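A, B, ... follow the sequence lines: proteins, then strands. Residue 1 opens every chain. Just so it is clear, the structure is predicted and the values come from calculations on it, not from any experiment. Reckoned from all heavy atoms, side chains included, excluding hydrogens, waters and symmetry mates.
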2 protein chains.
Amino acid sequence: MAVRNSKTGDLREACVKEALAIIARGGIDSLSLRDVARRLGVSHQAPYKHFPSREHIVAEVVGRAFASFAAHLEKRPRSDDPYIDLGNLGRSYLDYARKHPLHYQLMFGTPLPDPAQHPEMMVKAEHAFATLKETIAGLPGRQSNADVDLDALFTWSVVHGLASILQTPATEQLGLRKATISEATAHTLGRIADALGGTNRKR
Amino acid sequence: MAVRNSKTGDLREACVKEALAIIARGGIDSLSLRDVARRLGVSHQAPYKHFPSREHIVAEVVGRAFASFAAHLEKRPRSDDPYIDLGNLGRSYLDYARKHPLHYQLMFGTPLPDPAQHPEMMVKAEHAFATLKETIAGLPGRQSNADVDLDALFTWSVVHGLASILQTPATEQLGLRKATISEATAHTLGRIADALGGTNRKR
DNA sequence: CTCCAAGGTTGACACTGTCTACTAAGGAAG
DNA sequence: CTTCCTTAGTAGACAGTGTCAACCTTGGAG
């Protein structure tokens, strides 16, 4: 036993994968390093040679989720029309949340390991937010950086909020029709366009 | 020891309070029933006479947070102008998240006990959402229930997303100016008004 | 050849949730 | 008054956890 790992020498990698699998099955709370070790046919202390604590392996898993997320946003279809591009970005965001609920929940639906203590975890999150700001900056009518930041925050709030809500089982409990839920994405993106859109802006 | 509780006979109540205090200090993960018992000067098994499991005491705490939250929304200043009323509701929502971050995190920033298994926990959440739908229904231009639901979902997404984002330490890590953050609430509520507002609606 | 660090093992400790069995108090039924 | 059952509490045990410390093994640098 422990053959696979000793040979390849990537016990660290195997730990991360196994951890993700465990989280996928039973949620973040069900993750235990001893379980990881057991499944890999390795002593219960072995993972600690690669991760100083349980928090650190969680941070690693979450960090990878952020990386995968940012990459997904980068791969979205591009458009020269900034409004269409913004729509693509939003769709891409919600797409990811729908297709990878596990990752999404890890990033946003779970108490994170203290970001100050795991800064490498946040790098990719910055990346994703920067992408959003670039796109917003391409829209007409926003001169100052402050304007861009505010609307980026607004836009992020909307998609993040929607994604979170759609992931909880709460929606079914709130008496919403299925049709409503399936239309929600398109409707919400439309509303963002309404809010930021070419339509008259006062103030 | 155990005097206070035996006398008053409200050990259950004391447990809930103590649990909340523990969560406030160290987060939800740091809550242990044994610790609760210890602080109340009572045997480690005593709390189990009032809560079948750890999940149940969490559900109770979260349920109370929802109740307090719904009550706070009900106490908002009312207005006959439906747009102002909507603004008040949004402000009230964000107010609560800012003033009671602990409660807010419990309701929305933490993996909840399975709602299906703790239905009483969700009752007040329904209440809060119903309040929002009423307010939206008061706006002109939305005929069908489906329209109302969609815009309610949109509005909820925005404020929920913003509240979540403002609560994480992430904002500081993303290079946002403090001024931006303090303006975010007003700006976001303005954008909601833009999106739902008297300005032209197509479709 | 020696030595040493990296990666892995074993054993221990304190802590957790939860099961089971026991006890004290108090009220209802006879 | 006695009996009995429910309620609220205690005590002890068990498996499982994160983590500390000490011990092996092995392969390469000096």
Side-chain angles (χ1 to χ4, degrees), chain A residues 1-62 106 110-114 117-118, chain B residues 1-62 106 110-114 117-118:
Chain A
M1 42 221 67
V3 183
R4 176 161 51 106
N5 317 302
S6 298
K7 254 184 192 167
T8 60
D10 60 352
L11 198 168
R12 184 190 156 94
E13 199 59 24
C15 282
V16 175
K17 275 190 175 180
E18 203 64 40
L20 189 64
I22 293 176
I23 294 173
R25 289 196 73 260
I28 184 92
D29 285 339
S30 76
L31 172 65
S32 103
L33 286 206
R34 289 178 106 105
D35 198 15
V36 170
R38 213 174 295 128
R39 288 168 188 239
L40 294 174
V42 104
S43 90
H44 71 263
Q45 203 57 262
Y48 279 86
K49 296 293 165 175
H50 299 274
F51 304 94
S53 84
R54 183 183 187 275
E55 282 254 300
H56 283 75
I57 197 175
V58 172
E60 175 77 29
V61 170
V62 173
L106 279 175
T110 254
L112 292 185
D114 183 6
Q117 215 154 352
H118 303 269
Chain B
M1 43 219 69
V3 184
R4 176 162 50 106
N5 317 303
S6 298
K7 254 182 189 164
T8 60
D10 60 352
L11 198 168
R12 185 190 156 93
E13 198 61 24
C15 283
V16 176
K17 277 190 174 179
E18 203 65 40
L20 190 62
I22 293 176
I23 294 173
R25 290 196 71 261
I28 185 91
D29 286 339
S30 76
L31 172 65
S32 102
L33 285 206
R34 289 178 105 105
D35 197 15
V36 169
R38 215 174 295 129
R39 287 168 189 241
L40 294 174
V42 103
S43 90
H44 72 265
Q45 203 56 261
Y48 279 86
K49 295 295 162 173
H50 300 274
F51 304 94
S53 84
R54 183 181 185 276
E55 282 254 301
H56 282 77
I57 197 174
V58 172
E60 175 76 30
V61 170
V62 173
L106 279 175
T110 255
L112 291 185
D114 183 6
Q117 213 152 355
H118 303 269

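A straight line from CG of B:Leu40 to C1' of D:dA8 spans 14 Å, rounded to a whole angstrom. Across the protein-nucleic acid pair, A:Lys49 atom NZ and D:dT25 atom C1' stand 12 Å apart, rounded to whole Å. Separating the NE2 atom of A:His56 from the C1' atom of D:dT19 is a distance of 14 Å, rounded to the nearest angstrom. The separation between B:Leu11 atom CG and D:dT10 atom C1' is 13 Å, rounded to whole Å. A straight line from CD1 of A:Ile57 to P of D:dT17 spans 14 Å, rounded to a whole angstrom.
Every pair tested for salt bridge (charged side-chain N to carboxylate O under 4.0 Å, His left out) that includes a residue from residues 44-55 of chain A fails, sequence neighbours excluded, so the list is empty.
Nearest nucleotide to the side chain of B:His44, out of D:dG9, C:dA12, D:dA13: D:dA13.
Contacts of B:Arg38 classified as salt bridge (charged side-chain N to carboxylate O under 4.0 Å, His left out), with partners at least two apart in sequence or in another chain: B:Asp35. For the side chain to side chain contact (heavy atoms under 4.5 Å, CB included) test, residues two or more places apart in sequence or in another chain that qualify with A:Leu112 are A:Val62, A:Met121. In terms of the ring-ring contact (aromatic ring centres under 6.0 Å, His included) criterion, residue partners of A:His56 (sequence neighbours excluded) are, by chain and number, A:His118.
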Would you list the atom pairs, donor with acceptor, under 3.5 Å between side chains in residues 19-31 of chain A and any protein atom, with sequence neighbours excluded?
| from | atom 1 | to | atom 2 | distance (Å) |
| --- | --- | --- | --- | --- |
| A:Ser30 | OG | A:Gly26 | O | 3.3 |
| A:Ser30 | OG | A:Gly27 | O | 2.8 |

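Contact annotation: the side chain of B:Ile57 approaches that of B:Cys15 to within less than 4.5 Å [non-hydrogen atoms, C-beta and beyond].
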Filtered N/O pairs between nucleotides 13-17 of chain C and protein, under 3.5 Å:
| from | atom 1 | to | atom 2 | distance (Å) |
| --- | --- | --- | --- | --- |
| C:dT16 | OP1 | B:Ser32 | OG | 3.1 |
| C:dT16 | OP2 | B:Arg38 | NH2 | 2.5 |
| C:dG17 | OP1 | B:Leu33 | N | 3.0 |
| C:dG17 | OP2 | B:Leu33 | N | 3.3 |
| C:dG17 | OP2 | B:Arg34 | N | 3.3 |
| C:dG17 | N7 | B:Arg34 | NH1 | 2.6 |
| C:dG17 | O6 | B:Arg34 | NH1 | 3.0 |

